[in-house]
Amino acid sequence: MATTRKQYPFDLIEPKWQSHWAANKTFRASDDGAKPKFYILDMFPYPSGAGLHVGHPEGYTATDILARYKRMRGFNVLHPMGWDAFGLPAEQYAIETGTHPAQTTAKNIATFKRQIQMLGFSYDWDREVDTTDPEYFKWTQWIFLQLFKKGLAYQQSVPVWWCEGCKAVLANEEVKDGKCDRKGHTNVSRRPMRQWLLRITAYADRLLEDLKLVDWTESIKEMQRNWIGRSEGAEVKFQISNSESQITVFTTRPDTLFGATYMVLAPEHPLVEKVTTDAQRAAVNAYREAAAKKSELDRTNLAKEKTGVFTGAYAINPVNSEKIPIWIADYVMISYGTGAIMAVPAHDTRDLEFAQKFNLPVLVVVQAPAGKESIGFVDDGVAINSGLITGLPTPEAKQKITVWLEERGLGKKAINYKLRDWLFSRQRYWGEPIPVVHCAKCGVVPLPETALPLMLPEMKDYTPPASGEPPLAKATEWLKTACPACGGPAMRETNTMPQWAGSCWYYLRFIDPKNPQAFVAKDKEKYWMPVDLYVGGAEHAVLHLLYARFWHKVLFDLGHVSTPEPFTKLVNQGMILGEDGQKMSKSRGNVVNPDEVVREFGADSMRLYEMFMGPLADTKPWSTEGIQGVHRFLGRVWRLFVDENSMEAFEQAVAVGAPAEQALASVKLSPAIRDAEPTAEQQKLLHATIKAVTDDLEAMGFNTAISRMMEFVNETMRGIAAGQPFPRKMAEPFLLLAAPFAPHLGEQIWQLLGHRESIAYAPWPAYDPAVLVAKEVEVVFQVNGKLRDRVKVAAGLDRMDLEKAAFANDKVRQHTAGKTVRKVIVVPDKLVNIVAA
RNA sequence: GCCGGCGUGGCGGAAUGGCAGACGCGGCGGACUCAAAAUCCGCUUCUCGCAAGGGAGUGGGGGUUCAAGUCCCUCCGCCGGCACCA
């Protein structure tokens with residue numbers, strides 16, 4: 001790795017100001033509402049054992065710059081940080097070593113905190129939260145109780161992955177290609193187990209609708225819309241031949257009902273058992289067993305060929321009384337719609353594939369537009385061979401047949417969502433205990449609020465018991481309790497909450513982190529919410545944001561929070577790739593360690609480089625040479641302000657081991673910085689820079705803001721080299737612009753300039769538009785759209801004069817010679833374009 | 001397959017429909033130095049030309065416009081998401 005010489009003593013400056021900020025609590029946010037508030041939030045990290053990587057500080061730097069900028073603009077800024085600390089790795093480590101997950105977690109948090117602090121972020125550390133802290137998860141449990149009481153939490157038997165080899169429940173991501181990803185066991189299958197679910201589907205419509213209220217990128221909103229997956233259609237009942245039972249299907253195309261030539265039930269559909277004839281039973285059972293081994297992912301990915309089995313039963317098409325066969329096939333999912341479909345092979349690609357494979361009839365009921373084949377046509381057309389709706393265009397046909405079905409009790413209009421209820425329980429130790437008990441007499445009983453927090457029991461062995469129950473089932477003492485309702489014997493719930501739980505509401509706890517009476521005080525919530533800017537990785541575009549929005553809406557409905565949406569503006573930072581352009585990973589050996597970067601170049605250089613690489617939202621590769629570039633820039637800033645001659649005394653002080661503060665005191669201000677009046681040119685440069693940096697910050701254009709400051713420095717250095725002074729009236733505003741980006745250097749130079757107060761709350765400089773008005777502008781002369789010359793003219797020169805000047809121009813005359821002028825376009829202060837032929 | 005985003009020098013990237021390539025990296029040349037490093041100054045899209053100057057150029061093709069990286073159509077490629085969703 002090429003090394004660059006240290007450009008300035010960041011190694012003394014940075015720790016100095018970090019301790020100053022900590023000792024003075026410089027960034028403590030006050031809850032008094034005198035100033036306008038600005039709540040700027042980072043997605044808090046899971047403190048992994050590996051420590052911070054360079055991806056984390058990208059978003060954190062962006063928010064930190066804005067937080068500092070907003071403070072300088074007079075806002076009361078809330079900018080907190082905390083830890084999403086429940087999770088699997090600490091539990092896995094506990095299983096292997098017996099170390100309590102709380103110990104591992106505490107250690108990892110300490111590492112993360114040290115690394116985050118070494119970058120000089122202006123968090124209000126008095127508001128730090130940790131989701132594993134009982135004082136925190138007490139309120140996670142409390143919110144669960146509110147959900148439970150509202151009927152939004154319920155238990156159900158749900159198929160989960162069971163590994164016979166591990167004797168344990170596996171998470172979806174632990175199963176790959178039908179094998180246990182941890183130990184390679186092959187006997188893995190889905191087994192129904194009792195689970196807790198949250199009724200997020202009850203909020204599907206509002207989660208969809210309220211996307212209108214937020215300022216997020218279109219792509220994220222679209223992802224959420226797709227995830228919720230609302231579709232309108234109808235439910236239709238089909239009578240089963242020779243049986244009282246009916247099959248209800250959901251379809252978005254009720255207008256194709258006349259083309260239904262068979263039906264398909266999902267293999268898991270409860271009616272399968274009932275309708276299957278004896279002759280088909282063996283085949284049906286074999287098929288159902290095979291299907292149970294496949295996850296839904298396998299079913300979709302591996303199913304190139306359609307498979308299925310005839311049940312032997314028939315259904316009656318309600319519109320024409322046709323008898324149609326009932327099949328089972330795994331291309332129909334039990335979890336979507338009603339788990340059963342009417343198959344219209346002529347107008348559905350999947351049904352057509354299936355019908356062709358099993359020689360089922362294909363009946364055209366939608367006429368495709370001229371030139372298109374009607375078989376396999378899935379778009380809107382005109383109904384044919386369809387009784388009462390024949391001749392109607394698709395939308396009208398849908399409507400009419402739905403009304404007809406409704407009048408006869410055969411069906412009704414229906415809306416379906418892809419979104420499913422949220423599987424909220426985990427068969428794990430290291431999560432929030434679910435605060436309910438199971439009583440033989442009273443059933444499921446919530447704990448009273450006074451019993452919170454419900455703590456995790458101390459355990460020696462974190463492995464799950466062979467019974468397939470969660471590890472907590474082994475905590476026999478903890479397990480036995482009294483029923484809060486009847487006082488009789490009861491058992492505690494052994495499932496715990498998923499990692500998502502703690503992150504669903506942490507932004508609210510930051511507002512009032514120590515409150516023992518409530519999860520957040522009402523007046524504080526009202527003052528600080530909503531979050532004005534939320535920055536984090538795109539990997540949370542769907543789940544975390546959807547879950548958090550859901551909880552927020554429930555709390556809103558209960559009157560606990562004042563806004564329908566929690567996050568006004570959301571920005572996703574892009575990924576930082578390794579220097580080879582590949583995703584950073586240990587195995588590739590391309591991981592950049594922030595500790596090393598800070599040691600070599602300093603925190604300010606790291607911050608600046610992360611912002612200079614490119615637009616925040618883009619994916620971009622790390623470059624060591626790139627960071628050397630911004631490091632050199634900071635060195636230029638340093639040399640712009642300090643007296644080079646005093647550096648010798650400084651070096652000597654360092655050499656004899658003087659304390660940092662004392663050594664830094666020997667650095668003197670550059671003699672070029674004087675109380676002189678800036679020249680007109682300097683004025684213009686300064687005000688143009690202020691305007692550009694301010695505008696860029698408002699638009700989060702960090703990379704271009706840094707470019708503008710580089711231009712300022714380059715031009716100013718040239719001036720100084722030519723013997724010009726660097727007037728204080730110019731130097732100070734520039735430093736104020738740079739301070740949010742490189743705060744340590746900012747503070748040090750601010751002090752050097754003689755200020756005693758921190759630069760963090762110094763007012764942001766204003767620019768004077770009058771200074772920016774140019775007296776002379778460069779205009780461009782074009783002939784037939786091609787640039788031929790550029791000349792300086794007086795600003796505001798009127799069209800006639802500008803045109804005249806163009807025609808008088810030598811270059812223009814050369815290129816128009818012998819041609820007829822057809823048209824002249826004049827844009828004052830910009831250009832003249834002469835069209836000639 | 002569907003949805004969304006993006007294609008600009010050797011590289012990271014700039015450009016309210018009006019000078020393409022700001023700024024940085026890298027490269028080349030120069031100053032300073034015994035020398036090197038560091039620093040400072042200059043040049044650096046490609047191409048023809050000794051030069052002056054000319055031509056081409058923002059993934060390919062077409063269009064709108066006096067003028068297109070920017071707007072429209074179409075094709076290709078890359079990235080992200082969803083994926084038998086009835």
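Note on naming: letters A, B, ... go to the chains in the order of the sequence lines (proteins, then strands), and numbering restarts at 1 for each one. If you're wondering where the values come from, they're calculated on a predicted model, not measured in any experiment.
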Looking across every strand, which nucleic acid part, if any, lies under 4.0 Å from A:Thr704 by heavy atom: base, sugar-phosphate, or nothing? sugar-phosphate
pair_partner(B:C82), Watson-Crick or wobble, both distances < 3.5 Å, evaluates to B:G1
Pick the nucleotide of RNA chain B nearest each of A:Asn226 and A:Thr338; which residue has the one closer to the 5' end? A:Asn226
B:A14 versus B:C19 - spacing of their C1' atoms, nearest Å: 14 Å
If the P atom of B:U39 is compared with that of B:U45, how far apart are they to the nearest Å? 23 Å
When rounded to whole Å, the CZ to P distance for the pair A:Arg230 and B:C82 reads 22 Å
May I have the distance from A:His631 (atom NE2) to B:A38 (atom C1'), rounded to whole angstrom? 11 Å
Please determine, for the side chain of A:Arg718, which listed nucleotide (B:G42, B:C19, B:G55) has the closest atom? B:G42
In whole Å, measure the gap between the P atoms of B:U58 and B:G10 for me. 13 Å
Pairing partner of B:A31, by Watson-Crick or G-U wobble and under 3.5 Å for both distances, is B:U39
Output field: ring centroids A:Phe641/A:Phe726 closer than 6.0 Å: yes
Interatomic distance at C1', B:G81 relative to B:G27, whole Å: 41 Å
Look at all strands and tell whether A:Gly229 reaches a base, only sugar-phosphate, or nothing, counting heavy atoms closer than 4.0 Å. nothing
Distance only, no hydrogens: is a donor on one side chain within 3.5 Å (strictly under) of an acceptor on the other, for A:Gln7 and A:Arg639? yes
On RNA chain B, check which nucleotide each of A:His815 and A:Lys418 is closest to and give me the residue with the more 5' one. A:His815
Is any side-chain heavy atom of A:Asp810 less than 4.5 Å from a side-chain heavy atom of A:Asp789? no
Measure CZ/A:Phe702 against P/B:G13 and give the value in whole Å, please. 17 Å
Taking the side chain of A:Glu625 as its heavy atoms from C-beta onward, which of B:G18, B:C66, B:G26 lies nearest to it? B:G26
With a 4.0 Å cutoff (strictly under), does any side-chain N or O of A:Ser231 reach OP1 or OP2 of B:A86? yes
Hey, does A:Gln782 reach any base, or is it just sugar-phosphate, or nothing, if we go heavy atoms under 4.0 Å? base
Which nucleotide, B:G24, B:G80, B:A86, lies nearest any side-chain atom of A:Phe612? B:G24
Does A:Lys6 get its side chain close enough to the base of B:U39, under 3.5 Å, for a donor-acceptor pair? no
Quote, to the nearest angstrom, the C1' distance that separates B:C6 from B:U70. 14 Å
Are side-chain heavy atoms of A:Thr61 and A:Phe702 found at a separation under 4.5 Å? no
Watson-Crick or G-U wobble partner for B:C66, using a 3.5 Å limit on both distances? B:G18
Does A:Lys221 place a side-chain N or O at less than 4.0 Å from the phosphate oxygens OP1/OP2 of B:G5? no
Using a heavy-atom cut-off of under 4.0 Å over every strand shown, decide if A:Met717 touches base, sugar-phosphate, or nothing. sugar-phosphate
Answer with base, sugar-phosphate or nothing: what part of the nucleic acid does A:Ser707 contact at a heavy-atom distance below 4.0 Å? base
Measuring to OP1 and OP2 of B:C40, would you say a side-chain N or O of A:Arg639 lies under 4.0 angstrom away? yes
Quick one: is A:Asn703 getting a side-chain N or O under 4.0 Å of the B:A14 phosphate, OP1 or OP2? yes
Please step through side-chain hydrogen bond (donor to acceptor under 3.5 Å, both in side chains) for the pair A:Asp421 and A:Thr201, ending with a clear verdict. CA-CA 6 Å; A:Asp421 276 344; A:Thr201 50; 2.6 Å; yes
Hunt down the Watson-Crick or G-U wobble partner of B:C23, both distances under 3.5 Å, from any strand shown, or write none. B:G12
Sticking with atom P, work out how far B:U65 lies from B:C72, rounded to a whole angstrom. 16 Å
Answer yes or no: does a side-chain N or O of A:Asn714 lie under 4.0 Å from OP1 or OP2 of B:G24? yes
Assign A:Arg708 to base, sugar-phosphate, or nothing according to its heavy-atom contacts below 4.0 angstrom with the strands shown. nothing
side-chain N/O A:Lys823 vs B:C66 OP1/OP2, d < 4.0 Å: yes
Looking across every strand, which nucleic acid part, if any, lies under 4.0 Å from A:Lys811 by heavy atom: base, sugar-phosphate, or nothing? nothing
A:Tyr417 OH - B:C82 P separation (whole Å): 21 Å
Phosphate OP1/OP2 of B:G24: any A:Gln628 side-chain N/O under 4.0 Å: no
Can you measure A:Asn833 atom CG to B:C66 atom P for me and round it to whole angstrom units? 10 Å
When rounded to whole Å, the CE to P distance for the pair A:Met613 and B:C11 reads 16 Å
Report yes if a side-chain nitrogen or oxygen of A:Arg632 is closer than 4.0 Å to either non-bridging phosphate oxygen (OP1 or OP2) of B:G26; otherwise report no. yes
Between A:Phe310 and A:Trp327, what is the ring plane arrangement, given parallel below 30°, perpendicular above 60°, and tilted in between? tilted
Less than 4.5 Å apart, side chain to side chain, heavy atoms only: is that true for A:Lys418 and A:Tyr336? yes
Hey, does A:Thr217 reach any base, or is it just sugar-phosphate, or nothing, if we go heavy atoms under 4.0 Å? nothing
Taken to the nearest whole Å, CD1/A:Ile825 to P/B:G18 is 15 Å
Atom CG in A:Asn784, atom OG1 in A:Thr816: separation rounded to 0.5 Å? 9.5 Å
Angle between ring planes, A:Phe354 versus A:Phe358, binned at 30° and 60°: parallel, tilted or perpendicular? tilted
Looking at the angle O4'-C1'-N9-C4 for a purine or O4'-C1'-N1-C2 for a pyrimidine, is B:G9 syn or anti, with syn meaning within 90° of 0? syn
Between B:C3 and B:A83, how far apart are the C1' atoms? Round to whole Å, please. 11 Å
Rounded to whole Å, please give me the gap between CD in A:Glu353 and P in B:A83. 18 Å
Out of B:G4, B:C19, B:G12, which nucleotide sits closest to the side chain of A:Ser219? B:G4
A:Arg636 side-chain N/O to B:C40 phosphate OP1/OP2 under 4.0 Å: yes
Using atom P in both nucleotides, what's the gap between B:A36 and B:G30 to the nearest angstrom? 11 Å
